[in-house]
Each structure stands twice: as structure tokens, then as C-alpha cells.
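Accompanying notes for the structure given below.
The residues of the chain are indexed from 1 along the displayed sequence.
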Amino acid sequence: MSSKKIKINPDKFALAVVSGSTLTESDDVKASKMALKRYLSAYLLIEDYNCKRHP
């Protein structure tokens, strides 16, 4: 097994998640909140992944 460590850029990953999402909320405020939730969830997920995989 390779000893190379993969570290994912959390900002780029989170932006990709949001840009690939379809927002179906009824108004801009709701859509913005949902996009922000998705961004932050994805960002924190990758931060956690990077820390656990690469102490």
C-alpha cells in the first residue's frame, strides 16, 4: 500500500457540492440558507476526514 497521503481541499470540495446541488426552495433566502448548510456540512466533513486520515 502506498504511503502517500491524500488531503482534500475543503473549500474546493464544498464549492463543488453546492454547485452540483439543485436548490428547489421557494425563495432566495431559503435557497441561500440551504446552500450555506450544504457548504458548511461538506466543508466540515472534509476537515474531519483530513484530520482523521492525516494526523
Show me the side-chain donor-acceptor pairs of residues 14-26 shorter than 3.5 Å, one per line, residues at least two apart or across chains.
from: Ser19; atom 1: OG; to: Leu15; atom 2: O; distance (Å): 3.1
from: Ser19; atom 1: OG; to: Ala16; atom 2: O; distance (Å): 3.2
from: Ser21; atom 1: OG; to: Val17; atom 2: O; distance (Å): 2.7

Can I get a per-line list of side-chain donor-acceptor pairs under 3.5 Å for residues 27-40, giving both atom names and the distance, sequence neighbours left out?
from: Asp27; atom 1: OD1; to: Val29; atom 2: N; distance (Å): 3.0
from: Asp27; atom 1: OD1; to: Lys30; atom 2: N; distance (Å): 2.8
from: Ser32; atom 1: OG; to: Asp28; atom 2: O; distance (Å): 2.8
from: Tyr39; atom 1: OH; to: Asp11; atom 2: OD1; distance (Å): 2.6

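- Of all heavy-atom pairs between Ile46 and Ile8, the closest is CG2-O, 3.5 Å.
- For the atom pair CG of Leu44 and CG of Asp48, the computed distance is 8.5 Å after rounding to the nearest 0.5 Å.
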